[in-house]
Amino acid sequence: MTAKLTVYHVSPSSERAAAAGVKWQVEGREGRRLLHEPHRTQKDAIDAARHHAKQHAPAQVIVHALDGHVRSAYTYGNLPAAPPDERGRKAGQHGGVF
(Lines give C-alpha, C1' and ligand atoms only; values in the text may rest on other atoms or scores of the structure.)
Protein backbone atom coordinates (compact mmCIF):
# COMPACT_ATOMS: atom_id res chain seq x y z
CA MET A 1 0.00 0.00 0.00
CA THR A 2 1.39 3.41 -0.93
CA ALA A 3 1.29 6.37 1.39
CA LYS A 4 -1.04 9.19 0.45
CA LEU A 5 0.55 12.47 -0.61
CA THR A 6 0.07 15.28 1.91
CA VAL A 7 -0.15 18.75 0.35
CA TYR A 8 0.51 22.00 2.21
CA HIS A 9 -0.45 25.37 0.71
CA VAL A 10 1.28 28.61 1.69
CA SER A 11 -1.03 31.45 0.71
CA PRO A 12 -1.91 35.04 1.63
CA SER A 13 -4.33 35.42 4.53
CA SER A 14 -7.74 37.00 4.23
CA GLU A 15 -8.04 40.79 4.46
CA ARG A 16 -9.47 40.50 7.97
CA ALA A 17 -6.52 38.42 9.19
CA ALA A 18 -4.06 40.71 7.40
CA ALA A 19 -5.52 43.69 9.29
CA ALA A 20 -4.63 41.85 12.51
CA GLY A 21 -1.00 41.42 11.36
CA VAL A 22 -1.27 37.87 10.00
CA LYS A 23 -0.22 38.08 6.36
CA TRP A 24 0.35 34.41 5.38
CA GLN A 25 -1.13 31.02 6.24
CA VAL A 26 -0.25 27.35 5.93
CA GLU A 27 -3.12 24.99 5.15
CA GLY A 28 -3.09 21.25 4.71
CA ARG A 29 -4.60 17.98 5.85
CA GLU A 30 -2.53 15.56 7.93
CA GLY A 31 -4.63 12.41 7.87
CA ARG A 32 -7.93 13.45 9.43
CA ARG A 33 -6.46 16.58 11.04
CA LEU A 34 -6.95 19.89 9.24
CA LEU A 35 -3.95 22.20 9.61
CA HIS A 36 -4.39 25.97 9.51
CA GLU A 37 -1.48 28.04 10.81
CA PRO A 38 -1.19 31.83 10.63
CA HIS A 39 2.22 33.48 10.08
CA ARG A 40 3.40 37.09 9.88
CA THR A 41 5.81 36.60 6.95
CA GLN A 42 5.88 34.40 3.88
CA LYS A 43 9.30 33.07 4.86
CA ASP A 44 7.98 31.93 8.26
CA ALA A 45 5.02 30.23 6.57
CA ILE A 46 7.26 28.46 4.03
CA ASP A 47 9.65 27.30 6.76
CA ALA A 48 6.72 25.92 8.81
CA ALA A 49 5.19 24.17 5.80
CA ARG A 50 8.52 22.59 4.84
CA HIS A 51 8.98 21.37 8.43
CA HIS A 52 5.52 19.73 8.37
CA ALA A 53 6.20 18.21 4.93
CA LYS A 54 9.45 16.63 6.08
CA GLN A 55 7.64 15.03 9.03
CA HIS A 56 4.73 13.73 6.92
CA ALA A 57 6.53 12.60 3.74
CA PRO A 58 5.58 11.94 1.03
CA ALA A 59 4.45 15.54 0.96
CA GLN A 60 4.42 18.62 -1.20
CA VAL A 61 4.55 22.33 -0.33
CA ILE A 62 2.88 24.66 -2.81
CA VAL A 63 3.73 28.35 -2.40
CA HIS A 64 1.25 30.88 -3.79
CA ALA A 65 2.04 34.51 -4.67
CA LEU A 66 -0.04 37.48 -3.50
CA ASP A 67 -2.26 37.23 -6.59
CA GLY A 68 -2.89 33.51 -5.93
CA HIS A 69 -0.87 31.89 -8.73
CA VAL A 70 1.60 29.12 -7.86
CA ARG A 71 5.05 30.59 -7.31
CA SER A 72 6.96 27.42 -6.44
CA ALA A 73 6.57 23.88 -5.15
CA TYR A 74 8.74 21.57 -3.04
CA THR A 75 8.39 17.79 -2.85
CA TYR A 76 9.58 15.57 0.02
CA GLY A 77 9.86 11.78 -0.08
CA ASN A 78 8.85 9.49 -2.91
CA LEU A 79 5.63 10.41 -4.64
CA PRO A 80 2.94 7.72 -4.76
CA ALA A 81 2.77 5.91 -8.09
CA ALA A 82 0.07 7.05 -10.46
CA PRO A 83 -2.65 4.44 -10.93
CA PRO A 84 -2.82 2.93 -14.42
CA ASP A 85 -5.42 4.39 -16.76
CA GLU A 86 -7.95 2.29 -18.67
CA ARG A 87 -5.27 1.20 -21.18
CA GLY A 88 -2.90 -0.16 -18.56
CA ARG A 89 -0.35 2.64 -18.67
CA LYS A 90 0.59 5.09 -15.96
CA ALA A 91 0.04 8.82 -16.32
CA GLY A 92 2.61 10.38 -18.65
CA GLN A 93 3.66 7.08 -20.26
CA HIS A 94 3.08 6.00 -23.84
CA GLY A 95 1.98 2.53 -24.84
CA GLY A 96 -0.15 0.13 -22.87
CA VAL A 97 -1.95 -3.13 -23.54
CA PHE A 98 -3.72 -1.94 -26.72
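Every pair tested for ring-ring contact (aromatic ring centres under 6.0 Å, His included) that includes a residue from residues 28-51 fails, sequence neighbours excluded, so the list is empty.
Two residues are said to be in side-chain contact when any heavy atoms from C-beta on lie closer than 4.5 Å; W24 and P12 meet this criterion. For the pair Y76 and R50, the minimum side-chain heavy-atom distance is below 4.5 Å.
In this view, H64 and H9 satisfy the ring-ring contact (aromatic ring centres under 6.0 Å, His included) rule, not counting sequence neighbours. The side-chain hydrogen bond (donor to acceptor under 3.5 Å, both in side chains) check on S11 picks up Q25, with sequence neighbours excluded. The salt bridge (charged side-chain N to carboxylate O under 4.0 Å, His left out) test applied to E30 returns R33, not counting sequence neighbours. Contacts of K54 classified as side-chain hydrogen bond (donor to acceptor under 3.5 Å, both in side chains), with partners at least two apart in sequence or in another chain: none. R40 is linked by a side-chain hydrogen bond (donor to acceptor under 3.5 Å, both in side chains) to nothing, counting only residues two or more places apart in sequence or in another chain. D47 meets the salt bridge (charged side-chain N to carboxylate O under 4.0 Å, His left out) test with K43; sequence neighbours excluded. With sequence neighbours excluded, the residues forming a side-chain hydrogen bond (donor to acceptor under 3.5 Å, both in side chains) with Q42 are R71, listed by chain and number. Residues meeting the side chain to side chain contact (heavy atoms under 4.5 Å, CB included) test with A59, sequence neighbours left out: T6, Y8, A53.
Annotation: the span from D44 atom CG to K23 atom NZ amounts to 13.5 Å, rounded to 0.5 Å.
Under the 4.5 Å side-chain heavy-atom criterion for Ile, Leu, Val, Met, Phe, Trp and Tyr, L66 and I46 are members of the same hydrophobic cluster. Hydrophobic clustering of Ile, Leu, Val, Met, Phe, Trp and Tyr side chains at less than 4.5 Å, counting indirect connections, unites L35 with V63. Under the 4.5 Å side-chain heavy-atom criterion for Ile, Leu, Val, Met, Phe, Trp and Tyr, V70 and V7 are members of the same hydrophobic cluster. Note on V26: it clusters hydrophobically with Y74, by side-chain heavy-atom contacts below 4.5 Å among ILVMFWY residues.
Of all heavy-atom pairs between A45 and V10, the closest is CB-CG1, 3.7 Å.
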